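Bear in mind the structure is a predicted one, so any value in this text is a computation, not a measurement. Below, read A as the first sequence line, B as the second, and so on, with proteins coming before strands; counting in each chain starts at 1.
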Amino acid sequence: MFFIIYIIFILKEDILLLNCLKKRFLKDIITLFPEIENQEKAEYKSILASVRIEEPKNREFGDLTTNAAMVLASKIRKKPSDLATLIKDEILGRYEEIKEINIAGPGFLNIKLKDSFLIEKILEVFKQHDSYGSNDTAKGTKIQIEYVSSNPTGNLHIGHGRWGVMGDILSNIYSLNGFDVCREYYVNDYGTQAKIFAECVRSVYLERFDIKYPYPEEGYPRETVSKIADILFNKFSDSFIKDKTTLEFDEISFSRNAIRIMVSLITDTLKSIGVEFDVWFFESSLYGEGSFDATLDFLKERNLTYDEEEALWFKSTDFGDDKDRVIIRKDGNPTYFASDIMYLINKKERGFEYLLYILGADHHGYISRLKAIASSIGMDKDKVSIIIGQLVRIIEGREVQKMSRRKGKGFTLDDLVSEVGRDAVRYFFSMNSFDTHLDFDISLAKKKSNQNPVFYVQYAFARIGSIIRKTNENRPVNLDADFVSGMEDYDSQVFGNFLLSIEKNDFKNPSERNLAWTILLFPDTVRDACRSNAPYFVNQYLYRLASEFHYFYKHNKIITKDKINIKRLLLALAARLVLKKGLDILGVSAPERM
RNA sequence: GCGCUUGUAGCUCAGCUGGAUAGAGCUACGGACUUCUAAUCCGUAGGCCGGGGGUUCGAAUCCCUCCAAGCGCGCCA
């Protein structure tokens with residue numbers, strides 16, 4: 001029993017090729033140069049932090065390269081080249097998986113791994129199959145990721161789509177790294193905007209009964225409002241009008257239903273691109289059962305507030321905010337900031353160790369105030385991360401369209417989905433970093449739908465599907481029946497036995513080797529994407545893998561007349577498995593044929 | 001005015017915790033299907049990394065400054 005657990009543990013750790021190698025390498029460096037550890041702690045940390053093992057820019061230098069000798073040289077008072085030789089002889093030279101080490105340039109150590117090691121690793125991909133790519137680094141750590149959280153007063157626009165997709169993919173990535181993720185949408189159904197929205201809907205709704213009710217001057221665009229009014233009318237008829245003669249109106253129920261329907265439309269839109277939440281958190285729920293008073297007491301007890309000009313203020317500057325914020329306005333109503341405090345307290349009480357927000361750049365002013373609240377209620381502000389995503393600009397032809405819900409104009413997310421489809425939307429929105437201002441050219445998106453990079457990746461997957469079908473049709477002589485059935489579902493029993501018989505000799509050509517190498521980088525990609533909050537690492541990885549596969553496919557035959565090249569077939573199957581896992585992370589479909 | 005983000009090939013973007021000759025895709029041009037899907041592959045072209053200073057063995061990357069773009073600086077939400 002113990003043995004089995006140990007094996008699993010080893011596999012889980014070991015599957016991170018680069019990250020694990022680095023860990024081991026650093027450990028060996030400390031053993032070889034104990035004086036590093038004796039230095040001041042901060043400095044010691046920074047030395048080790050700047051040691052890298054990574055793919056060299058130029059592939060000709062090898063699989064991996066490290067700058068260790070150069071980084072350590074100044075601290076250990078040796079010439080980089082001498083140090084490189086020492087590290088080569090005493091550390092890297094003893095690693096079984098390494099085939100050769102070259103010292104180059106000012107002191108780089110270039111490493112080439114053994115083919116047999118790579119093949120061994122590829123076989124492990126099959127042993128892991130479903131769990132390949134995931135790791136235990138953050139085992140069970142509770143994290144909440146909040147994204148989209150658009151006001152329920154209109155349709156989602158394209159910008160919201162970006163946060164929806166990015167948030168969803170990031171959640172997937174965190175899950176694969178072992179986190180226990182809660183995906184949450186915060187619904188602002190309390191306060192002025194929600195009220196104005198309800199008033200708008202009410203005006204249109206009452207028109208159905210020839211009752212005049214003023215449409216708010218700064219109201220929302222009629223298009224969406226009418227839609228909501230229609231649904232309410234069809235569903236509830238006149239039941240909100242309590243008395244036909246006095247026109248007494250059930251405002252509360254009406255407004256709650258109007259918001260609820262808007263939320264359900266938003267839910268549908270998000271669902272259409274595969275974005276679903278664990279929790280829809282309603283702002284209004286924060287104000288039930290005296291919880292607002294309790295919060296005020298909580299803050300006052302801790303001396304975090306003060307009165308000024310008839311308003312109640314929160315001392316957020318004490319916690320790093322640029323200005324103090326009003327909690328209760330002169331008119332006695334709580335501000336949005338008051339909700340923020342209660343919501344954060346609520347999140348804390350639910351036991352999340354980490355909180356992650358994805359906000360649009362128009363909300364970047366939030367960072368300091370959210371962190372201030374977090375600190376004030378005793379949370380570690382470093383465990384509250386706020387990702388600011390740059391806004392999406394819509395461009396049609398040469399015209400820049402501003403996306404403003406209030407003004408109503410604009411291309412909605414629904415429009416986009418029906419134009420280009422879910423897969424393209426998801427790929428398109430996740431392929432850049434959060435810091436990129438995304439210019440979304442609608443005409444291009446329509447026109448380009450067939451040259452979207454997503455098809456390139458999917459095509460690689462479809463091609464492998466074709467190989468499998470072919471293999472099943474004219475079952476070659478060297479392939480046994482069990483193996484073929486194993487390919488279909490990666491049954492590890494059948495498949496695993498077969499794998500043991502694979503010869504672990506060298507790859508025949510660079511394209512086989514490169515494909516294998518890229519397949520093996522997947523777990524590290526998942527890890528790094530999490531560490532850097534960078535969903536686009538996955539897109540880039542998949543594009544690279546697809547590219548590697550297309551090249552491999554073009555230059556290597558897997559099926560010949562009556563025989564099959566088993567090693568190549570395995571590579572294709574491993575690629576297939578990883579492409580599927582990767583596309584799953586992105587929430588993009590993996591078609592068997594195209 | 002202050003703050004956040006960005007400025008890299010004609011276009012869209014990687015590379016930014018300093019490292020070897022700055023990379024992809026799209027576009028353009030030229031090649032490759034009797035053989036597992038040509039939605040593919042191969043090649044060519046394309047760059048004062050916004051400008052200027054500094055830090056050092058070494059800068060697209062770090063610091064300063066200027067220019068340009070987007071966004072924010074409410075008792076709105």
For a quick check of understanding: with a heavy-atom distance under 4.0 Å over all strands, which category does [X] fall into, base, sugar-phosphate or nothing?
X        : answer
A:Phe552 : nothing
A:Ala104 : base
A:Asn58  : base
A:Asp321 : nothing
A:Ala194 : nothing
A:Arg369 : base
A:Asn110 : base

Using the [atom1] atom in both, what is the distance from [N] to [M], to the nearest Å?
N     : M     : atom1 : answer
B:G10 : B:U17 : C1'   : 33 Å
B:U21 : B:C49 : P     : 16 Å
B:C67 : B:C29 : P     : 42 Å
B:U40 : B:U27 : P     : 10 Å
B:G52 : B:A59 : P     : 15 Å

Nearest heavy-atom neighbours spanning A:Phe552 and A:Ser511: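 Taking A:Phe552 first and A:Ser511 second, the nearest heavy atoms are CD1-O, 4.0 Å.
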
Minimal non-hydrogen separation, A:Pro535 against A:Phe434, with atom names: CD-CE1, 3.8 Å

Below 30° counts as parallel, above 60° as perpendicular, anything between as tilted: where do the rings of [X] and [Y] land?
X        : Y        : result
A:Tyr553 : A:Phe549 : tilted
A:Tyr287 : A:Phe292 : tilted
A:Phe319 : A:Phe314 : parallel

Glycosidic class, syn or anti, of B:C48 using a 90° window around 0: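 Nucleotide B:C48 adopts anti.
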
Verdict with supporting geometry, A:Lys347 and A:Glu146, salt bridge (charged side-chain N to carboxylate O under 4.0 Å, His left out): CA-CA 11 Å; A:Lys347 288 186 180 190; A:Glu146 185 198 323; 2.8 Å; yes

Neighbour count >12 (heavy atoms, 6.0 Å) for atom CD, A:Glu308: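 Atom CD in A:Glu308 is packed in, count exceeds 12.
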
Rounded distance (Å) that lies between atom C1' of B:C4 and atom CG of A:Asp322: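 The answer, rounded to whole Å, is 11 Å.
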
Separation of atom CZ in A:Phe61 from atom C1' in B:U21, rounded to whole Å: 8 Å

Derivation and outcome, side chain to side chain contact (heavy atoms under 4.5 Å, CB included), residues A:His550 and A:Arg463: CA-CA 9 Å; A:His550 285 308; A:Arg463 276 182 145 177; 3.1 Å; yes

Nearest to the side chain of [X] - [options]?
X        : options             : answer
A:Gln390 : B:A77, B:U5, B:G19  : B:U5
A:Lys330 : B:A77, B:G19, B:C75 : B:C75
A:His364 : B:G19, B:C75, B:G72 : B:G72

Any strand is fair game: report the nucleotide pairing with [N] by Watson-Crick or G-U wobble, both distances under 3.5 Å, or none.
N     : result
B:C16 : none
B:G47 : none
B:U55 : none
B:G25 : B:C11
B:A60 : none
B:G30 : B:C42
B:C73 : B:G1

Residue among A:Arg426, A:Gln458, A:Arg422 satisfying side chain to side chain donor-acceptor pair (under 3.5 Å) with A:Ser589: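 The residue from A:Arg426, A:Gln458, A:Arg422 that satisfies side chain to side chain donor-acceptor pair (under 3.5 Å) with A:Ser589 turns out to be A:Gln458.
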
RNA chain B: 5'-proximal contact among A:His363 and A:Ile367 (nearest heavy atom):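 Its nearest nucleotide being more 5', the pick is A:Ile367.
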
Toward the 5' end of RNA chain B, by each residue's nearest nucleotide, A:Ile467 or A:Glu309: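 The 5'-side residue here is A:Ile467.
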
A:Arg531/A:Asp524 under salt bridge (charged side-chain N to carboxylate O under 4.0 Å, His left out): CA gap, chis, key distance, verdict: CA-CA 10 Å; A:Arg531 204 177 276 161; A:Asp524 288 283; over 6 Å; no

A:Asp382: side-chain contact (heavy atoms from CB on, under 4.5 Å) partners, not counting sequence neighbours: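 A:Asp382: side-chain contact (heavy atoms from CB on, under 4.5 Å) contacts with A:Asp380.
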
Sub-6.0 Å ring centroid separation between A:Tyr185 and A:Tyr147: no

Polar side-chain contact A:Thr335-B:A77 base: donor and acceptor under 3.5 Å: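 Side chain to base: no pair present.
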
A:Tyr543 ring over B:A24 six-membered base ring, under 5.5 Å and 30°: no

Aro-ring/base stack A:Phe108-B:G19, d under 5.5 Å, angle under 30°: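 A:Phe108 ring does not meet the centre or angle cut-off for B:G19; no stack.
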
Between the protein and nucleotides 10-17 of chain B, list the N/O to N/O atom pairs that are separated by less than 3.5 angstrom.
residue: B:C13; atom: OP1; partner: A:His437; partner atom: O; Å: 3.0
residue: B:C13; atom: O3'; partner: A:Asn432; partner atom: ND2; Å: 3.3
residue: B:C13; atom: O3'; partner: A:Thr436; partner atom: OG1; Å: 3.4
residue: B:C13; atom: O2'; partner: A:Asn432; partner atom: ND2; Å: 3.3
residue: B:A14; atom: OP1; partner: A:Ser433; partner atom: N; Å: 3.3
residue: B:A14; atom: OP1; partner: A:Ser433; partner atom: OG; Å: 3.4
residue: B:A14; atom: OP1; partner: A:Thr436; partner atom: OG1; Å: 2.3
residue: B:A14; atom: O2'; partner: A:Gln540; partner atom: OE1; Å: 3.3
residue: B:A14; atom: O2'; partner: A:Gln540; partner atom: NE2; Å: 2.8
residue: B:G15; atom: OP1; partner: A:Tyr536; partner atom: OH; Å: 2.6

Write out a two-atom table: protein N or O, nucleotide N or O from nucleotides 40-43 of chain B, distance below 3.5 Å.
residue: B:U40; atom: O2'; partner: A:Arg463; partner atom: NH1; Å: 3.0
residue: B:U40; atom: O2; partner: A:Lys554; partner atom: NZ; Å: 3.4
residue: B:C41; atom: OP1; partner: A:Tyr456; partner atom: OH; Å: 2.3

N/O (side chain, A:Arg325) to phosphate O (OP1/OP2, B:G74) under 4.0 Å: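 No, A:Arg325 has no side-chain N/O under 4.0 Å of OP1/OP2 on B:G74.
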
